[in-house]
Amino acid sequence: MAPMKIVALITVIITGGLLLYATGDFPAWGDPLSPANNSALSRHYIEQSRVETAVPNLVTAVLADYRGYDTMFETVVVFVAGLAILAVLGQGTSRERAAIQRSAERYQERDMINIMTARLIVPVLQLFSLYVLAHGHYSPGGGFQGGVMFGASFILIALAGGLPEALSRLSIPGALLLAGLGVLLYGGTGLVCMMLGQNFLDYHILHRLLPATDAVMARYHAMLIVEIGVAFTVTAIMFIIYAALSSRGRMTGGL
Amino acid sequence: MEFIVNNFNYWIYVILMMIGLFAMIAKNNLIKKLVGMTIFQTAIILFYVSIGVKGEGATIPILSYEQVHGTHHVEEADHAGEDDSHHAQADLPEIDARTITNPIPHVLMLTAIVVGVATLGVALAISQRIFHFYGSLDEDVILAKIQKGDG
């Protein structure tokens with residue numbers, strides 16, 4: 001017990017000392033000419049993404065277009081994490097799932113103040129999360145942020161009205177379908193680009209399919225499509241994580 | 001002292017990271033180890049975001065309308081037809097890369113945060129199973145039960 005802490009302390013002090021010693025070679029705070037800030041890549045994104053994609057929010061442009069592979073596989077990681085949680089904790093037997101229906105009546109016993117507050121907040125939260133998703137090209141936002149907020153609205157329902165109440169709105173199979181649909185939407189956009197003769201996730205060729213767009217606006221609109229895919233997956237997986245963890249995988253009762 | 005003030009972002013990230021590392025090594029409770037892991041992860045997120053900062057004059061990585069569409073009127077652009085985009089390119093105002101924060105660290109950390117939550121969920125699910133199986137989250141108790149062939 002104690003020796004382990006001493007070993008840990010020595011390790012941590014040595015590692016920390018070496019890292020602090022190395023900070024002397026790091027660029028100073030806010031240096032615009034540091035290697036990371038002055039790289040050709042960073043300058044290309046800042047100066048050229050407006051010409052190439054017409055998206056004012058550079059973070060969205062880099063996230064959904066230039067680094068499309070990265071974001072796609074991050075979405076896959078989130079999807080697989082949700083599957084792993086269900087696999088580790090199990091979904092409960094069919095008998096237990098039948099009990100969900102019966103315990104749904106317990107909704108009435110929940111605290112009235114919590115339920116009424118959730119009823120007021122949830123619609124606003126969901127509407128705002130859709131705004132964050134759709135307005136990701138012009139303001140901080142996008143698929144990840146909007147998806148997390150939409151998932152949080154279901155978690156709020158579960159906290160206020162009980163897990164069965166939330167599951168009656170978004171069941172676990174439904175959430176899994178939504179998560180898979182999100183990954184499919186993202187990967188499918190890439191595949192369509194491939195079928196039109198371009199590289200995977202090279203959106204500009206989509207102007208042949210999307211009406212009234214040129215090559216630049218095709219990238220602009222394709223970004224919204226893949227962000228919607230990301231939002232689907234993140235919404236569903238956030239709710240699955242909460243539902244599985246709060247009920248130890250049995251999907252009844254919950255907190 | 002000046003060394004610390006000039007590099008304070010690095011000092012914060014090293015200190016936070018070492019707190020997380022210490023918790024991961026020294027604590028016996030699996031949940032406390034996970035808390036340490038999350039602190040470690042937060043340190044890396046702060047480090048990345050601080051790398052992208054560009055001093056006083058730089059603003060958020062979102063361009064203004066004029067910077068994207070140029071200074072000409074919208075109606076003209078609509079009537080310009082086919083070579084609209086070329087016209088727009090011609091009178092776009094210059095962007096000084098030093099006035100816009102570096103977007104790349106923000107992109108990397110944006111995805112890392114959400115993936116961090118998802119992987120933390122997996123870790124918590126496994127901890128829950130371990131508690132269900134061994135009746136404890138303490139590493140020593142779990143190890144002793146494994147060695148006895150229990151469970």
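Given the structure is predicted, the values throughout are model-derived calculations rather than measurements. Labels below follow one simple rule: chain letters A, B, ... track the order of the sequence lines, proteins then strands, and each chain is numbered from 1. Computed over heavy atoms, backbone and side chain alike; hydrogens, waters and symmetry mates excluded.
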A.B. asks: When rounded to the nearest 0.5 angstrom, what is the spacing between CG in Leu92(B) and CD in Gln48(A)?
C.D. replies: 9.5 Å
A.B. asks: Taking NE2 in His44(A) as the centre, count heavy atoms belonging to other residues, nucleotides or ligands within less than 6.0 Å. Is the count above 12?
C.D. replies: yes
A.B. asks: Heavy-atom distances under 4.5 Å only: say whether Ser64(B) touches chain A with side chain, backbone, both or neither.
C.D. replies: neither
A.B. asks: Counting only heavy atoms not in Lys54(B), do more than 12 fall under 6.0 Å of its NZ?
C.D. replies: yes
A.B. asks: With distance as the sole test, does Asn102(B) use its side chain to make a donor-acceptor pair with the main-chain N or O of Ala36(A) at under 3.5 Å?
C.D. replies: yes
A.B. asks: Please report the shortest heavy-atom distance between Ala118(B) and Ile241(A), naming the atom on each side.
C.D. replies: CA-CD1, 3.8 Å
A.B. asks: Under 4.5 Å heavy-atom distance to chain B, tell me which part of Asp31(A) shows up: side chain, backbone, both or neither.
C.D. replies: backbone
A.B. asks: Between CZ of Arg50(A) and CD of Glu66(B), what distance do you get to the nearest 0.5 Å?
C.D. replies: 11.5 Å
A.B. asks: If I measure from the heavy atoms of chain A, does Val14(B) come under 4.5 Å with its side chain, its backbone, both, or neither?
C.D. replies: side chain
A.B. asks: Among Thr111(B), Val115(B), Val122(B), which has the most heavy-atom pairs under 4.5 Å with chain A?
C.D. replies: Thr111(B)
A.B. asks: Give the minimum heavy-atom separation between Thr101(B) and Ile46(A), together with the two atoms involved.
C.D. replies: O-CD1, 4.3 Å
A.B. asks: Which bit of Leu245(A) comes within less than 4.5 Å of chain B, counting heavy atoms only: side chain, backbone, both or neither?
C.D. replies: both
A.B. asks: At a heavy-atom separation under 4.5 Å, does Ser139(A) approach chain B through its side chain, its backbone, both, or neither?
C.D. replies: backbone
A.B. asks: Whether the Asn7(B) and Thr23(A) side chains hold a donor-acceptor pair (N or O, under 3.5 Å, no angle test) is what I'd like checked.
C.D. replies: no
A.B. asks: Within residues 229-237 of chain A, which positions have a heavy-atom distance to chain B below 4.5 Å?
C.D. replies: Val234(A)
A.B. asks: Under a 4.5 Å heavy-atom cut-off, does chain A meet the side chain of Leu21(B), its backbone, both or neither?
C.D. replies: both
A.B. asks: Can you tell me how far apart OH (Tyr138(A)) and CD1 (Ile62(B)) are? Round to the nearest 0.5 Å.
C.D. replies: 12.0 Å
A.B. asks: Got Met18(B) and Ile13(A) here, is their nearest side-chain heavy-atom distance under 4.5 Å?
C.D. replies: no
A.B. asks: Between Val78(A), Asn37(A), Thr11(A), which has the largest tally of heavy atom pairs under 4.5 Å with chain B?
C.D. replies: Asn37(A)
A.B. asks: To check you understand the geometry: which heavy-atom pair defines the closest contact between Pro61(B) and Val59(A), and what is its length?
C.D. replies: CG-CG2, 3.7 Å
A.B. asks: For Ala84(A), is it the side chain, the backbone, both or neither that has a heavy atom under 4.5 Å from a heavy atom of chain B?
C.D. replies: side chain
A.B. asks: Are Val117(B) and Met238(A) close enough that some pair of their side-chain heavy atoms sits under 4.5 Å apart?
C.D. replies: yes
A.B. asks: Take atom CZ in Arg98(B); do more than 12 heavy atoms of anything else shown fall under 6.0 Å from it?
C.D. replies: no
A.B. asks: Please check: side-chain N/O of Gln128(B) versus main-chain N/O of Leu89(A), any donor-acceptor pairing under 3.5 Å?
C.D. replies: no
A.B. asks: Is chain B contacted by the side chain of Tyr45(A), its backbone, both, or neither, given a heavy-atom distance below 4.5 Å?
C.D. replies: side chain
A.B. asks: Measuring from atom CG of Leu63(B) to atom CG of Asn57(A), what distance do you get when rounded to the nearest 0.5 angstrom?
C.D. replies: 8.5 Å
A.B. asks: How about residues 63-74 of chain A versus chain B: which residues have heavy atoms under 4.5 Å apart?
C.D. replies: Leu63(A), Arg67(A), Asp70(A), Glu74(A)
A.B. asks: Please flag which part of Leu9(A) lies under 4.5 Å from any non-hydrogen atom of chain B: side chain, backbone, both or neither.
C.D. replies: both
A.B. asks: Give the ring-plane orientation class for Phe26(A) versus Tyr10(B), where under 30° counts as parallel, over 60° as perpendicular and anything between as tilted.
C.D. replies: perpendicular
A.B. asks: Do the non-hydrogen side-chain atoms of Pro56(A) and Tyr65(B) ever get within less than 4.5 Å of each other?
C.D. replies: no
A.B. asks: Pick from Ala28(A), Pro27(A), Ala54(A): which one has the most heavy-atom pairs with chain B under 4.5 Å?
C.D. replies: Pro27(A)
A.B. asks: So which part of Met24(B) gets closer than 4.5 Å to some heavy atom of chain A, the side chain, the backbone, both or neither?
C.D. replies: neither
A.B. asks: For the CD1 atom of Ile85(A) and the OG1 atom of Thr119(B), what is their distance to the nearest 0.5 Å?
C.D. replies: 9.0 Å
A.B. asks: Taking the side chain as everything from C-beta on, heavy atoms only, tell me whether Ser34(A) gets closer than 4.5 Å to Ile51(B).
C.D. replies: no
A.B. asks: To the nearest 0.5 Å, how far apart are OG in Ser49(A) and CD1 in Ile95(B)?
C.D. replies: 7.5 Å
A.B. asks: With a 4.5 angstrom heavy-atom cut-off, could you sort out which part of Phe47(B) is near chain A: side chain, backbone, both or neither?
C.D. replies: side chain
A.B. asks: Looking at Ala58(B), Ala97(B), Pro105(B), which makes the most heavy-atom pairs under 4.5 Å with chain A?
C.D. replies: Ala97(B)
A.B. asks: Heavy-atom distance under 4.5 Å between the side chains of Leu20(A) and Trp11(B), does that happen here?
C.D. replies: yes
A.B. asks: Contact between His106(B) and Leu58(A) at the side-chain level, heavy atoms closer than 4.5 Å - yes or no?
C.D. replies: no
